[in-house]
Structure formats: C-alpha cells, structure tokens
There are 2 protein chains.
Amino acid sequence: MSRADRRRQLLETAEQVFAERGFRAVSMDEIAERCGVSKPLLYEHFGSKDGLVQATIDRVRAELYEATSAAMAQARDPREMVWRGMLAYFEFMDAHSRSFMMLLQEPMVVPGGTDDVLEQTRRQQSGLIAPLLAALAPDVPPAAVEAYTEIIIGGCERLALWRLSHPELSARDAARYMTDFTWNALREHVRADLMPPPLGPDAPSGAS
Amino acid sequence: MSRADRRRQLLETAEQVFAERGFRAVSMDEIAERCGVSKPLLYEHFGSKDGLVQATIDRVRAELYEATSAAMAQARDPREMVWRGMLAYFEFMDAHSRSFMMLLQEPMVVPGGTDDVLEQTRRQQSGLIAPLLAALAPDVPPAAVEAYTEIIIGGCERLALWRLSHPELSARDAARYMTDFTWNALREHVRADLMPPPLGPDAPSGAS
DNA sequence: GCTGGTAACTTACTGAGAGTAGGTTACTGG
DNA sequence: CCAGTAACCTACTCTCAGTAAGTTACCAGC
C-alpha cells in the first residue's frame with residue numbers, strides 16, 4: 001500500500017480505537033493488531049505513541065474546524081455567525097462525541113503540557129473567533145479581544161464537557177446559551193448598525 | 001513516623017516533584033526516592049500512581065478553594081464578590097503556577113476521562129459561582145444559571161492557561177476581563193438594586 | 001524480660017507496554 | 001537479471017507500574 005494511503009488507514013483505525021477506550025488504555029500493540037500491521041510500522045509513520053495521538057487529534061481538529069468555519073461562512077451578519085459557529089461546534093460534538101472528547105483532552109495528554117501543540121489548537125480556534133469579535137465590537141482594545149476570545153473558547157469547551165454528563169442539554173440550547181452569554185457580554189460594544197440583531201435562524205427557548 | 005504525618009510528607013514531596021516535571025514524566029520509583037522511602041510504601045498509602053496524582057491534586061484544589069472562598073467572603077456585595085473571587089483565582093495561579101497547571105490537567109490525566117472526579121472539581125467550583133449568579137440575577141432560569149456557571153468556569157480556566165504563554169497579562173487584568181465579561185453578560189438580568197455596581201475595590205484599566 | 005501481635009517499612013521480583021535493531025519481501029528502473 | 005529502494009516484519013531491550021513475601025520496631029500482656 002502507498003505510504004499516504006497506509007497513513008490514512010492507520011489514522012482512521014487509531015481514531016476509532018482511541019475513541020472506544022481512551023488514549024491511555026490503548027497500547028501500540030493493540031492498535032497495530034487492529035490495523036493489521038506490525039508495531040514498527042506505526043513507529044515508522046508517527047514516531048511515537050504521542051506522535052500518533054497528536055496526528056489523530058489533528059485529524060479531528062481539522063474536521064471540527066472545517067465544520068464550524070463552513071457553518072459560519074453561510075451567515076450574513078456577525079450575530080448569525082456567532083450562532084451558526086456555536087451550533088456547528090456543539091452539533092459536531094454530538095456526532096463525534098468520543099473523538100471530540102479526545103480533542104479537549106489533547107493539551108493535557110501530549111508531552112510538555114503547554115507546548116506549541118496547545119498553541120496550535122488555540123490559534124486555530126481563536127483565528128475563527130477573534131476577527132469576529134473585532135468586527136462586532138471595534139472599540140474593544142486588541143488585548144481585551146484576545147482575552148475575550150480565550151474566555152469564549154474556554155466556555156465552549158467547558159460547556160461541551162458538561163453536556164457529556166447532562167444529555168438533557170441539547171446542542172441547540174448549548175449554542176443558545178453560549179451565544180446569549182457572549183452577545184450580552186459584548187452588547188455595549190457592538191456596532192450600532194448591528195445592534196438590533198436578527199434573533200438567529202430559529203431561536204430555541206433561551207435564557208433572555 | 002505516624003501514618004498521617006507520613007502521608008502529609010509524601011504528598012508534599014510528590015506535589016513538588018510533579019510540579020517540577022509533570023505527571024507523566026515522573027516515575028513512582030523517583031518519587032519514592034525523593035521521599036526517602038520505598039515504592040511499596042507509596043502504594044500502601046495511595047493505591048496506585050493515579051491515586052497519588054489524585055491525592056496531590058485534591059490537595060491543591062483544597063488550597064485553591066480556600067483561597068477563593070476566603071477572598072469572596074470579604075466582599076460586601078455580589079459584584080465585588082465576583083471581582084474578589086476572580087482576582088484570588090488568578091493570583092493563586094501566579095503563586096502556584098506549576099501546581100495550578102496540574103489542577104487544570106486533572107480531569108484528563110485521571111482514569112476514565114470524565115468520571116466522578118471531574119464532577120467533584122466541577123461541583124466545588126460551581127458551588128461557589130452558581131449561588132452567586134442566582135443572587136445576582138434571580139430571573140435567569142436555573143438551567144441557564146448552570147450553563148452560565150460552566151461557561152464562566154471554562155473561561156477562567158482557559159484564560160489562566162493562556163496567561164502561561166502571555167505573562168504580560170497580569171492577574172489583575174485577567175480578573176478584570178473575566179469580571180467585565182461576566183458582568184456585562186448578566187447585566188440585563190441583574191437585580192435593579194445591585195445595578196449601579198461599585199466599580200470594585202480598585203479597578204485597573206479595563207476594556208469597558 | 002520474654003512473647004505474641006501489629007504497624008511501618010523493605011528487598012526483590014513480575015508483567016505490560018513503549019520503543020528499536022536488523023532483517024525480509026516486493027516492486028521499480030536500468 | 002540485477003541493483004536499489006520502499007514497505008514491512010520478527011524478535012528483541014528497557015523502563016516502569018504494581019506485588020509477594022518478608023523484616024524491623026515497638027508495644028501489649030503475662
């Protein structure tokens with residue numbers, strides 16, 4: 001099999017196995033077996049277990065990024081963009097909950113704790129949110145935009161994690177809470193012409 | 001040495017070693033050596049490596065909880081309570097950055113991923129925040145209070161993590177951002193008699 | 001002051017699993 | 001038909017979590 005094809009197959013299987021039983025519980029021997037190859041081949045492709053974990057996570061991250069940015073691209077105005085992005089995020093989670101969990105765990109599982117790896121995830125997500133905030137609320141200073149971006153990302157992650165033990169909270173409601181919260185937080189900074197916001201495509205019952 | 005004293009000593013040393021090099025990199029043999037005891041004694045006390053990690057983290061968590069709740073107890077009104085809690089949180093982080101990092105990693109490092117352990121941390125933190133939100137904004141429905149609580153906790157954690165790579169953001173500014181963000185998000189729900197809030201004990205320059 | 005019991009602690013092992021050295025097969029261009 | 005190389009494997013090593021089977025220190029009761 002060609003190197004690229006093999007890599008894809010290995011990643012696919014690894015994601016599945018990791019999703020089933022978690023990073024820690026799964027051994028490289030087991031993955032190799034499930035892939036129908038020998039262990040050194042895994043090391044050939046990914047260098048180490050951490051490398052494989054990393055690659056697996058990158059794959060999921062790319063999917064998530066694509067899903068959310070595609071959803072956001074359909075929006076007409078910043079308010080709707082927030083809503084669509086949030087909704088796509090939480091819906092992605094419903095569709096790939098185990099893989100998604102892995103994504104949230106990533107910064108912790110990989111070597112040094114807070115290395116460039118985390119930085120990469122962060123930049124990707126904040127690259128989606130920060131410009132949006134800046135567009136919504138141009139008078140907020142850049143430092144605050146960065147901080148708010150982090151707060152929003154953290155809020156999403158936490159709420160997503162929380163949903164695992166509270167399935168009664170639908171993706172729509174979660175997205176709704178996040179959107180409301182964010183929107184209200186920024187309300188007084190929001191550009192006047194965006195101010196009477198469209199309520200979102202189809203607003204579920206929410207807090208406000 | 002008495003069992004309780006020994007346990008304390010072991011935990012103290014373990015926290016130090018873990019903080020220096022991270023959970024994963026440190027072996028039980030190494031901790032035993034640094035403690036001046038044999039490995040089975042560690043197992044006698046903590047059952048497993050995860051058990052030791054868990055106990056270590058619980059210790060840090062207790063300290064954090066004490067610090068933040070003590071700070072909050074000094075406040076006169078909810079607005080100030082938010083501010084003091086946030087400030088204590090970020091200042092605790094400056095004082096114990098490595099141990100604090102461990103705390104954030106905990107849900108991920110421990111066995112099953114999202115078990116009761118996470119739940120425990122969460123309940124402790126949200127026990128501090130949720131009643132406060134409810135007091136601040138009594139017309140927000142309970143489900144929304146819970147969700148907002150999670151969002152706020154996640155925001156704090158993320159912002160704390162972010163500060164590791166952005167030391168230019170002081171604890172005061174971080175607390176300020178969190179407080180502003182939260183306050184604004186809830187503004188329209190806040191009880192009228194709390195509405196013109198005292199600006200906090202000593203407000204640093206902030207976003208709004 | 002010797003003895004049975006127990007609490008604190010140790011040495012010396014097992015087993016699992018990450019990572020590797022050194023091939024072997026299979027296919028490609030000359 | 002023969003290099004050379006890409007894909008892949010068998011068979012190891014070594015670190016580290018966890019354990020079995022003690023040993024020492026101390027304290028009751030006789």
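First the proteins, then the strands, lettered A, B, ... as listed; each starts at 1.
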Less than 3.5 Å apart, which donor and acceptor atoms pair up between the side chains of residues 34-45 of chain A and the rest of the protein, not counting sequence neighbours?
unit_1	atom_1	unit_2	atom_2	d
A:Arg34	NH1	A:Glu20	OE1	3.3
A:Arg34	NH2	A:Glu20	OE2	3.2

Where each residue is assigned the nucleotide of DNA chain C containing its nearest heavy atom, which of B:Arg6 and B:Lys39 is assigned the position nearer the 5′ end?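 Of the two residues, B:Arg6 wins.
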Please tell me which of A:Ser27 and B:Gly36 maps to the more 5' nucleotide of DNA chain C, matching each residue to the nucleotide holding its nearest heavy atom.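 Between the two, 5'-proximity favours B:Gly36.
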One thing to verify: whether B:Asp5 and B:Arg8 come together as a salt bridge, which I'm taking to mean a side-chain N less than 4.0 angstrom from a carboxylate O. yes
Can a salt bridge be assigned to the pair B:Arg176 and B:Asp173 using a cut-off of 4.0 Å between side-chain N and carboxylate O?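 The answer is no: the pair does not qualify as a salt bridge.
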Does anything in residues 42-49 of chain A come within less than 4.0 Å of DNA chain C? Heavy atoms only, and list the residues if so.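 Residues of residues 42-49 of chain A under 4.0 Å from DNA chain C: A:Tyr43, A:Ser48, A:Lys49.
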Quick one: label A:Ser38 by what it contacts on the DNA or RNA (base, sugar-phosphate, nothing), any heavy atom closer than 4.0 Å. base
Do the ring planes of B:Tyr148 and A:Phe181 sit parallel (below 30°), tilted (30 to 60°) or perpendicular (above 60°)? tilted
Parallel, tilted or perpendicular: which fits the ring planes of B:Phe18 and B:Phe23, with parallel below 30° and perpendicular above 60°?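 Perpendicular.
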Indicate yes or no for a side-chain donor-acceptor contact from B:Ser126 to the backbone of B:Ile129 under 3.5 Å, with no hydrogens or angles considered.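 Not a single qualifying donor-acceptor pair exists.
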Any donor-acceptor pair under 3.5 Å linking the side chain of A:Arg158 with the backbone of B:Gly155? no
Tell me, please, the opening and closing nucleotides of DNA chain C, 5' to 3', among those with an atom under 4.0 angstrom from a non-hydrogen atom of chain B.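 The contact span of chain B on DNA chain C goes from C:dA8 to C:dT11.
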Leading and trailing nucleotides of DNA chain D with any atom under 4.0 Å from heavy atoms of chain A: D:dA7 to D:dT10
Kindly say whether the aromatic ring centers of B:Phe100 and B:Tyr89 come within a distance under 6.0 Å.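 Between B:Phe100 and B:Tyr89, the centre distance is under 6.0 Å.
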Residues of residues 8-17 of chain A with a heavy atom under 4.0 Å from any atom of DNA chain D, listed by number, are none
To the nearest 10 degrees, what angle separates the axes at the start and end of the helix from C:dG1-D:dC30 to C:dG30-D:dC1, five pairs each? 0°
